[in-house]
Amino acid sequence: MSYIKPSFRHPELPVNTLGYKRKDYEGSLSTLCAGCGHDSISGALIQACFELNIEPHRLAKLSGIGCSSKTPTYFLGNSHGFNSVHGRMPSVATGANLANRDLIYLGVSGDGDTASIGMGQFVHLIRRNLNITYIVMNNGCYGLTKGQDSATADKGSKSKAGSTNLFQNIDLPGLAMELGAGFVARSFSGDKVQLIPLIKAALAHPGFALIDVISPCVTFNNNVGSTKSYDYVRQHVDATATVDFVPHAAEIKTTYEAGSNKLVSMHDGSLIKLNKLQADWDPTNRDSAVHALHEANSKGEILTGLIYINEESQDLHQLLNTSKKPLNTLSEKQLCPGPEALMDINQGLR
Amino acid sequence: MSYIKPSFRHPELPVNTLGYKRKDYEGSLSTLCAGCGHDSISGALIQACFELNIEPHRLAKLSGIGCSSKTPTYFLGNSHGFNSVHGRMPSVATGANLANRDLIYLGVSGDGDTASIGMGQFVHLIRRNLNITYIVMNNGCYGLTKGQDSATADKGSKSKAGSTNLFQNIDLPGLAMELGAGFVARSFSGDKVQLIPLIKAALAHPGFALIDVISPCVTFNNNVGSTKSYDYVRQHVDATATVDFVPHAAEIKTTYEAGSNKLVSMHDGSLIKLNKLQADWDPTNRDSAVHALHEANSKGEILTGLIYINEESQDLHQLLNTSKKPLNTLSEKQLCPGPEALMDINQGLR
Amino acid sequence: MQAHSVINDFVIRFANVNGTGSASANNMFAKAIFRMGIPVSPKNIFPSNIQGLPTWYEVRVNEQFYLGRRDGIDLMICVNPQSMLQDVASVKSGGYFIYDNTKPLHKEYIREDLNYIGIPLTEITIQEYTDPRQRMLFKNIIYVGALAALIDIEMDVLQQLVNEQFKGKEKLIQPNHHALDLGYQYIQKNFSHPLPYRLQRRDLIKDKILFEGNAATALGAIYGGATVAAWYPITPSTSVVDAFADYAAEYRVDPETNENNYAIVQAEDELSAMGMVIGAMWNGARAFTATSGPGVSLMQEFLGLAYFAEIPAVLVDVQRTGPSTGMPTRTQQSDILIAAHASHGDTKQVLLIPNSPKECFDFAAMSFDLAEQLQTPVIILSDLDLGMNDHVSDALEWKSTTQYRRGKVLSADQLDQIGRFGRYLDTDGDGIPYRTIPGTHPTKGSFFTRGSSRDEYAIYTEDGNAYKRNMDRLLKKWETIKSYVPKPELLQSEANANMGMLFFGTSHFSSVEARDILAKEGIELDAIRLRSFPFSQEVSDFIEDHELIFVIEQNRDAQMRTLLINELEVNPEKLVRVLNYDGMPITAAHISKEISNYIHKTNKKSKDFSLEMNAS
Amino acid sequence: MQAHSVINDFVIRFANVNGTGSASANNMFAKAIFRMGIPVSPKNIFPSNIQGLPTWYEVRVNEQFYLGRRDGIDLMICVNPQSMLQDVASVKSGGYFIYDNTKPLHKEYIREDLNYIGIPLTEITIQEYTDPRQRMLFKNIIYVGALAALIDIEMDVLQQLVNEQFKGKEKLIQPNHHALDLGYQYIQKNFSHPLPYRLQRRDLIKDKILFEGNAATALGAIYGGATVAAWYPITPSTSVVDAFADYAAEYRVDPETNENNYAIVQAEDELSAMGMVIGAMWNGARAFTATSGPGVSLMQEFLGLAYFAEIPAVLVDVQRTGPSTGMPTRTQQSDILIAAHASHGDTKQVLLIPNSPKECFDFAAMSFDLAEQLQTPVIILSDLDLGMNDHVSDALEWKSTTQYRRGKVLSADQLDQIGRFGRYLDTDGDGIPYRTIPGTHPTKGSFFTRGSSRDEYAIYTEDGNAYKRNMDRLLKKWETIKSYVPKPELLQSEANANMGMLFFGTSHFSSVEARDILAKEGIELDAIRLRSFPFSQEVSDFIEDHELIFVIEQNRDAQMRTLLINELEVNPEKLVRVLNYDGMPITAAHISKEISNYIHKTNKKSKDFSLEMNAS
Ligand SMILES: Cc1ncc(C[n+]2csc(CCOP(=O)(O)OP(=O)(O)O)c2C)c(N)n1
Ligand SMILES: Cc1ncc(C[n+]2csc(CCOP(=O)(O)OP(=O)(O)O)c2C)c(N)n1
Ligand code: SF4
Ligand code: SF4
Ligand SMILES: [Mg+2]
Ligand SMILES: [Mg+2]
């Protein structure tokens with residue numbers, strides 16, 4: 001049991017512009033291990049949605065199978081959720097999104113769920129640029145099946161059982177970059193200050209947005225030798241920039257100055273404000289982003305923050321020229337050609 | 001029917017050092033369309049194996065499903081072949097290789113077979129660095145199912161039926177680079193001069209070796225607007241270097257000079273000789289190779305030739321420390337702990 | 001030469017080379033017969049290959065509407081030297097072998113009992129055309145023209161078909177007319193004709209149509225309101241989605257905005273295709289996928305999820321010859337078991353089994369209603385024969401009053417009115433709970449969908465009782481389903497037979513024909529055609545009412561018989577296997593022979609059979 | 001308090017919190033009973049979760065070797081406040097509730113009909129230990145010590161177990177002895193003891209062992225010569241490969257070179273795992289994978305390939321509660337149908353069904369011989385109950401003369417001697433052709449393996465006759481297989497009963513116990529335990545010889561009954577379903593009640609039953 005909710009709440013808890021309290025974004029009690037990184041990410045998701053004034057029922061949560069994939073039960077209790085099958089959430093999310101382009105889609109997955117069994121679907125989700133925020137709760141292991149190495153485990157890192165991982169890791173942001181993803185970020189479950197604005201920006205991005213969140217598994221992969229432990233990550237974090245997400249650009253724009261700041265305007269009028277910590281990195285330039293990633297990887301550092309953003313992103317619906325009205329709202333009249341058309345068709349077959 | 005074999009052969013056909021003639025490396029008659037790029041690749045494979053003095057029965061051919069995956073019937077008739085299921089050849093090849101590390105493994109696949117249904121297995125094959133030469137006969141479409149776009153079809157390219165592909169292509173060499181493959185090359189079915197030495201080098205490479213061979217589908221994707229047509233490829237080819245493969249380095253080394261030449265020594269004493277056409281590209285430097293690839297892609301050019309090679313490559317058997325003797329040759333004595341050990345085990349369970 | 005002429009009752013086969021454009025000429029041939037009011041049944045027998053291998057087009061003409069395949073070729077049009085030996089052998093004694101005699105026929109092709117008609121097709125095309133492609137294409141039209149003379153196809157019907165085909169490319173019309181004429185004239189000049197096998201105009205077709213099953217399925221999906229199609233290419237199902245795309249482009253583009261009221265996604269594989277369908281239907285759109293055997297194998301896990309989590313889904317399985325890759329361009333009915341019990345654990349899946357393009361259309365349209373009403377996957381089991389060949393079919397119908405039945409979906413208002421919403425609560429006693437679509441209500445009706453066990457309120461549980469309650473409710477739902485699915489078609493014999501035949505799908509025509517053949521032998525059989533699984537009461541009644549039933553299937557292991565025995569608790573002795581599984585559509589001769597042999601071997605007579613049964 | 005003491009016959013349950021280290025203390029408890037020569041049967045009932053949720057360990061002690069699960073708890077050791085309400089409710093009237101009375105028990109937990117024994121576990125640990133982790137861990141040892149006093153566990157047996165467990169970490173021995181003593185002394189001081197439910201040393205265990213099914217399976221694979229294990233983690237099969245890795249590290253590392261005479265690959269998913277097994281066995285190594293339901297669904301396509309292309313493969317399916325994700329940590333026997341008919345098209349797969357660790361070992365070892373001899377996949381159907389719990393089992397045996405049977409594999413010499421090699425040619429009349437391993441001969445014996453149709457010489461063909469010949473040969477092979485697979489175990493009643501019971505796998509113990517219960521009620525039943533599919537002659541004989549057979553299964557849809565009816569053409573009336581599918585292992589009480597109810601309801605008597613059957 002990860003946390004026990006306080007039964008007493010202050011009567012004057014803050015409400016957002018929709019009149020919702022933070023607790024309206026919570027879910028049921030987590031059954032994850034105390035201290036599991038995943039719970040912190042759930043907390044960040046709750047906070048981000050609360051601050052973004054998202055109507056909970058306008059968001060759909062989809063996941064695969066794993067400790068990470070269980071978390072959607074633990075946040076946004078008023079959203080519909082779908083805990084599908086292992087590694088195949090991307091396809092379910094694609095179908096859901098095709099059916100109703102008006103909801104906000106949040107995909108939650110684990111490193112096993114995404115980088116092993118789910119690799120094919122992950123790659124093709126990116127390729128289709130589905131409008132979804134895709135969060136990988138990356139602990140470098142299979143938590144729910146008791147700690148086997150996953151494909152994101154770093155070569156040479158040591159499991160709790162003492163064995164050394166033999167295989168090179170798959171770097172999900174690097175892979176997403178190679179596949180042309182329009183929003184690529186990495187963060188750390190222990191760094192809410194960075195994570196919350198990244199989640200907000202990802203939700204605002206009109207296409208596929210990856211946040212690879214390193215999220216230590218306290219039970220199976222938080223040992224010395226693991227490169228996904230709290231200690232290791234804290235020691236090797238290297239951020240691109242500090243991130244700020246500004247929902248309504250107009251209100252804020254003036255307060256920021258140029259210089260090491262970089263402002264990225266989003267389609268919906270919101271703004272990402274980056275205070276650059278890396279000199280030769282430009283989040284809107286793919287080559288520079290790839291370079292920064294590879295550079296950090298080769299130095300054994302974990303590059304976090306917004307890595308790349310493509311503001312021109314065209315999502316699947318735009319590519320397919322689907323009706324602006326959600327397909328699941330179309331009426332019989334709009335869908336069925338009716339008896340007269342059928343008579344013509346019959347005629348054409350004689 | 002792609003070619004009819006001449007029934008007459010010159011009596012003094014050349015033989016290789018094993019005493020085999022080229023025809024000993026042929027297979028049964030191709031049933032592909034006349035002019036299909038895949039048949040040219042079969043021809044290159046035959047030639048490369050003949051010249052490399054490979055004993056046909058020491059090589060195993062594995063493939064998935066597709067026109068491309070049919071080709072192993074059309075070459076090396078004295079090799080065992082395995083036409084498995086669609087997209088899953090990598091796992092079958094992995095099992096085969098684990099069973100007998102002493103054979104040479106050749107995987108043949110299509111762009112549909114590899115980049116769509118087979119994506120997950122392809123990625124993990126690379127990650128495990130199986131000792132295999134993996135040839136993708138890449139025509140940007142699904143030949144056998146009549147011409148649908150594949151995931152390697154370039155965005156905006158036009159199919160024979162006239163529709164435009166909406167999705168960004170997956171660049172297999174780029175992907176392989178990102179995943180840390182130790183041998184990455186691209187070629188063109190119409191360029192045997194380049195392809196044959198690449199195949200030889202790939203077969204000599206002691207780990208995963210990708211050759212992405214653009215191989216036009218004359219029936220469904222050789223039209224104007226297709227970026228995988230003979231014409232388009234010929235116009236946009238941009239080679240890294242001319243390639244020469246020298247099986248026994250010692251004999252030859254002296255005859256080459258430095259300069260624009262680059263010599264890569266392989267573990268087995270063979271040598272790849274590259275006559276560089278690209279200034280700032282170094283095939284042993286991953287960053288430089290990635291850069292060259294992205295650069296070419298962004299200019300709409302098709303970079304061919306050897307793109308990257310890592311001579312330090314450790315294959316799956318080395319990683320797993322498997323017995324040097326093939327597992328399929330181990331005797332009962334080596335495998336079965338016998339009755340005494342079992343008595344001890346029983347005792348431990350009381 | 002055959003003495004008497006045989007009108008409107010023969011089989012003609014065209015032996016072509018794959019990829020030489022023979023398909024459209026051959027289609028024109030069949031269509032012309034159809035236009036002459038005569039029942040016709042063409043079948044493509046093609047290789048799993050794109051170009052250069054033998055391919056056949058076999059047309060049965062039969063004015064009694066026996067439109068199943070028949071063995072034995074009466075006329076063979078052989079334009080493929082590769083397969084000539086085999087083609088010569090396949091002609092019935094006394095039949096006609098029509099070939100290209102540009103080069104003289106080698107004597108190994110000569111059979112004393114055949115009639116040979118040589119037409120110098122190559123020579124004619126060389127004389128007439130310079131472009132090799134034209135030579136290849138017009139050769140096909142020339143032999144159709146020749147056939148017009150040989151078997152009395154009405155020339156103006158052919159010409160009209162040419163006109164229609166090249167509407168918009170008018171300059172191609174005249175050359176095609178000319179090619180037809182070349183063939184026609186050659187026969188006129190060189191042979192006495194027409195042949196004894198010949199056509200005569202009839203008025204048997206009425207308002208029927210000539211249509212492919214797969215296109216009909218696609219059209220059914222359009223009419224049924226499908227907006228999402230997710231698929232992965234595989235023969236013989238590809239043309240379902242191809243046709244859906246064509247119809248959608250025609251009927252589903254909003255005329256004002258030019259936007260698509262549909263989305264088609266070519267998935268990366270079949271697992272993904274099925275996942276997309278499940279996601280879309282979970283989210284309230286109507287969605288389907290089409291595949292064949294290997295795809296069904298790959299979809300197992302998702303089908304189990306949809307069964308257990310009760311998510312509607314529509315899957316069209318156009319069956320081909322299995323197992324594994326099997327014979328990808330041959331037909332079979334062999335995915336019955338894997339479809340009916342898709343996935344690990346205890347599952348039962350709904351199957352619809354059409355026998356004609358009309359039923360493909362109807363069942364496809366209906367499948368979305370059923371899937372949503374029953375909240376479970378619905379699998380349409382078609383096959384290559386039905387899906388990829390043209391069939392004479394009743395005209396399609398659609399009532400203007402038809403309304404989509406979305407099943408138990410709660411609106412925001414309803415959610416406000418009811419108490420606590422229980423996603424898996426059986427409030428009506430039919431085993432079917434209520435569901436909600438994401439986004440319906442700000443605070444009510446949201447729930448968590450999962451493939452793991454949960455209670456009536458969709459709360460995760462590992463309580464064995466809750467799990468069992470749910471599994472038992474699913475059985476109750478299964479009972480309910482029996483009254484929703486299409487009932488079987490019954491063919492009662494006049495004599496009130498004590499034996500019956502049972503068949504389904506594309507065994508229909510051959511079974512009906514076999515029944516007539518047997519009746520002539522004095523063996524009277526009642527008949528039932530299954531149209532769905534689970535079986536409705538009528539099926540048990542039929543089995544109950546007959547002492548012996550011949551179960552006709554196109555697979556090796558009598559898979560439908562397995563389902564019948566197990567679902568209906570039938571004594572296996574009662575159900576006799578009549579099987580065909582060589583990949584070719586089943587024939588009436590095969591069926592009637594098997595049945596008649598069985599009856600004679602076991603010494604059963606249809607009259608006193610019941611007596612013997614008791615004595616045995 | 002209960003008046004009479006009950007020796008060596010009770011059920012005790014420990015209610016713990018997941019992840020608090022209770023498992024090893026609980027194991028020690030069960031092992032101590034085993035060491036006292038008394039049959040014991042522990043079962044873990046754990047959540048699909050890693051830490052913090054209720055988990056139970058239930059131990060049945062029964063000196064008659066009734067080692068199936070029994071409902072009703074005699075003694076409950078409750079150290080988990082979360083589940084206390086449920087735990088109190090689950091104790092049998094008159095039973096004992098042992099709890100941590102550091103804080104007083106709330107009155108909602110008080111039942112008049114129970115005996116309460118409070119031990120201040122928390123208090124003791126707080127007094128004794130400062131480290132919270134130690135407090136947590138030693139609490140478990142303390143209650144074991146207390147139990148030693150309460151039910152007469154021999155203290156030196158426990159101490160000996162501690163000594164063995166901490167061999168190499170000797171400084172932990174004394175503290176554990178001390179903790180045992182703390183519990184023991186507390187009971188000594190505060191309660192009259194032992195309780196009526198108690199232990200007494202026996203000599204019933206002889207040379208038996210206490211072993212988990214999964215570890216036994218792994219060891220069987222080691223002995224059977226498996227060199228390649230490819231897998232994807234999934235409960236409850238993971239421990240098969242974990243154990244294989246451990247044994248391999250011990251027995252399969254070459255002492256000279258330090259190289260591994262094995263390879264274990266964690267695949268990216270189950271499709272890949274199965275592909276690797278097929279590739280390895282195609283290439284002449286012995287390979288296996290282990291999975292559970294969802295994995296079996298994902299392996300369908302590959303299993304169809306292996307069936308059709310005749311490639312050996314070994315798959316261990318440790319079944320859990322389906323469908324879909326179902327209850328991943330509960331048991332069931334519900335993958336029977338999907339395993340037996342894996343994949344689309346007509347397929348039949350070989351199943352081995354062990355009932356004990358001994359059979360897990362034997363069948364795993366044997367599976368490689370069978371797979372290679374029969375050239376087809378062999379699926380071992382184990383389940384969570386068998387795989388993940390300790391069971392008293394006969395000792396494992398291995399004859400020094402055992403030789404691996406590789407089946408019909410041609411050597412280079414043999415290839416030189418025979419004429420043309422036909423990979424799919426049935427030269428011996430048993431339906432099993434010869435195969436070659438890649439690399440055998442420079443010019444002979446190579447062939448192309450494929451999932452598509454081919455002739456006897458492995459040449460691709462679309463000829464329907466060749467296809468049918470092959471499918472028919474596979475049926476002939478199926479007949480051959482019947483004589484290769486393990487025969488059923490028969491339990492003949494003395495009275496030559498006319499009714500029988502049929503069961504398999506982990507229903508074994510409860511079925512045997514139920515049979516004895518029924519015999520006491522005057523219902524005599526013969527019994528048969530299936531051990532494989534296809535069924536051998538003995539199974540048909542048994543069914544033939546009995547008028548009514550109760551088929552005992554742990555699934556909803558009576559899946560084995562389906563196979564029996566269809567493979568053996570049995571009248572379904574003869575086979576009565578006795579089912580349990582709530583995820584908990586089946587009990588004798590349930591079985592005997594169902595059977596007895598059925599018999600009374602239908603008014604059948606075992607004596608004159610045959611008469612009634614005829615009259616009905
Ligand atoms: C098809 C299938 N195979 C295997 C499993 C077992 N399984 C459940 S969760 C999991 C791995 C989860 O790892 P990850 O996605 O990294 O999640 P984490 O628990 O680490 O958060 C596996 C293998 C399954 N549920 N389904
Ligand atoms: C599971 C499965 N799905 C679909 C198919 C149908 N299929 C056969 S080949 C093929 C695509 C082949 O494309 P590619 O690999 O690019 O080969 P090409 O024919 O272009 O050489 C498909 C989808 C199949 N055989 N199996
Ligand atoms: S096992 Fe690891 S990933 Fe799973 S809940 Fe516990 S800490 Fe988190
Ligand atoms: S269809 Fe295309 S890929 Fe296939 S054989 Fe013909 S040309 Fe080659
Ligand atoms: Mg993980
Ligand atoms: Mg292709």
Side-chain angles (χ1 to χ4, degrees), chain C residues 47-48 271 292-294 296-298 300-301 303-305 307-309 319 321-330 332 334-335 337-339 341 343-348 450-453 462 464-465 467-468 471-472 475 555-557 559 561-562 565-566 569-573 581-584, chain D residues 47-48 271 292-294 296-298 300-301 303-305 307-309 319 321-330 332 334-335 337-339 341 343-348 450-453 462 464-465 467-468 471-472 475 555-557 559 561-562 565-566 569-573 581-584:
Chain C
S48 174
L271 292 89
S292 191
V296 178
S297 279
L298 290 172
Q300 293 292 301
E301 191 190 21
L303 284 168
L305 171 73
Y307 170 79
F308 191 59
Q319 297 166 98
T321 304
S324 196
T325 305
M327 293 197 291
T329 58
R330 297 288 182 270
Q332 214 168 53
S334 59
D335 296 346
L337 279 181
I338 197 168
H341 294 293
S343 203
H344 62 280
D346 292 302
T347 65
K348 289 162 178 275
R450 48 163 67 82
S452 45
S453 186
E462 292 170 2
N465 292 324
Y467 166 83
K468 188 168 176 302
M471 290 300 282
D472 290 340
L475 279 187
N555 61 58
R556 185 193 68 179
D557 291 346
Q559 299 189 20
R561 181 175 175 271
T562 294
I565 292 170
N566 285 294
E569 303 277 319
V570 185
N571 189 335
E573 281 182 6
Y581 51 96
D582 64 1
M584 295 297 283
Chain D
S48 176
L271 292 89
S292 190
V296 178
S297 278
L298 290 172
Q300 292 292 301
E301 190 191 21
L303 285 168
L305 170 73
Y307 170 79
F308 192 60
Q319 297 166 96
T321 304
S324 196
T325 305
M327 295 197 289
T329 59
R330 296 287 183 269
Q332 215 169 50
S334 58
D335 296 346
L337 280 182
I338 197 168
H341 294 293
S343 204
H344 61 281
D346 293 302
T347 65
K348 290 163 178 273
R450 46 163 67 82
S452 45
S453 185
E462 291 170 3
N465 291 323
Y467 166 84
K468 187 165 178 300
M471 291 299 282
D472 289 341
L475 280 186
N555 62 58
R556 184 192 69 179
D557 291 345
Q559 299 189 18
R561 181 175 176 270
T562 294
I565 292 170
N566 285 293
E569 302 278 319
V570 185
N571 189 335
E573 282 184 4
Y581 51 96
D582 64 1
M584 295 297 282

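None of these values were measured; they are calculated from a predicted model. Letters A, B, ... are given to chains in the order of the sequence lines, protein chains preceding strands, and every chain is numbered from 1.
- Both the backbone and the side chain of D:Glu569 come within contact range of chain C, with heavy atoms under 4.5 Å apart.
- Note on C:Asn465, C:Val296, C:Thr329, C:Asp472: by heavy-atom pairs under 4.5 Å with chain D, the leading option is C:Asp472.
- Shown here for D:Met327 and C:Ser453, the closest heavy-atom pair between the two residues is CG-CB, 3.4 Å.
- Shown here for C:Tyr467 and D:Gly322, the closest heavy-atom pair between the two residues is OH-O, 2.6 Å.
- By number of non-hydrogen pairs under 4.5 angstrom with chain C, the leading residue of D:Pro328, D:Gly583, D:Gly326 is D:Gly326.
- Looking only at side-chain heavy atoms (C-beta outward), D:Leu475 and C:Asp557 come within less than 4.5 Å of each other.
- A heavy-atom distance below 4.5 Å is not found between the side chains of D:Pro572 and C:Asn566.
- Here the side chains of D:His341 and C:Ile338 are not in contact, with every heavy-atom distance at 4.5 Å or above.
- Using a 4.5 Å heavy-atom cutoff, the side chains of C:Leu271 and D:Leu298 are in contact.
- Annotation: side chain of D:Arg556 is in contact with side chain of C:Lys348 (closest heavy-atom distance under 4.5 Å).
- When side chains are defined from C-beta on, D:Met471 counts as touching C:Pro323, because their heavy atoms get closer than 4.5 Å.
- Across all their heavy atoms, C:Pro294 and D:Glu301 have their closest contact at CB-OE2, 3.8 Å.
- Using a 4.5 Å heavy-atom cutoff, the side chains of C:Lys468 and D:Met584 are not in contact.
- The salt bridge (charged side-chain N to carboxylate O under 4.0 Å, His left out) search around D:Arg330 returns C:Glu462, not counting sequence neighbours.
- Interface residue C:Leu337: only side-chain heavy atoms are found under 4.5 Å from chain D.
- Heavy-atom minimum distance, D:Ser324 versus C:His344: O-NE2, 2.9 Å.
- Between D:Asp346 and C:Gln559, the side chains place a donor N or O and an acceptor N or O closer than 3.5 Å (distance only, hydrogens not considered).
- Within the 4.5 angstrom heavy-atom criterion, only side-chain atoms of C:Tyr307, from C-beta onward, approach chain D.
- Chain D forms the most heavy-atom pairs under 4.5 Å with one residue out of C:Ser292, C:Ala339, C:Ser297, and that residue is C:Ser297.
- At a 4.5 Å heavy-atom cutoff, the contact between D:Ser48 and chain C is made by backbone and side-chain atoms alike.
- Heavy-atom distances place both the backbone and the side chain of D:Leu305 under 4.5 Å from chain C.
- With respect to chain C, the highest number of heavy-atom pairs below 4.5 Å among D:Pro47, D:Gly464, D:Gly304, D:Gly451 belongs to D:Gly451.
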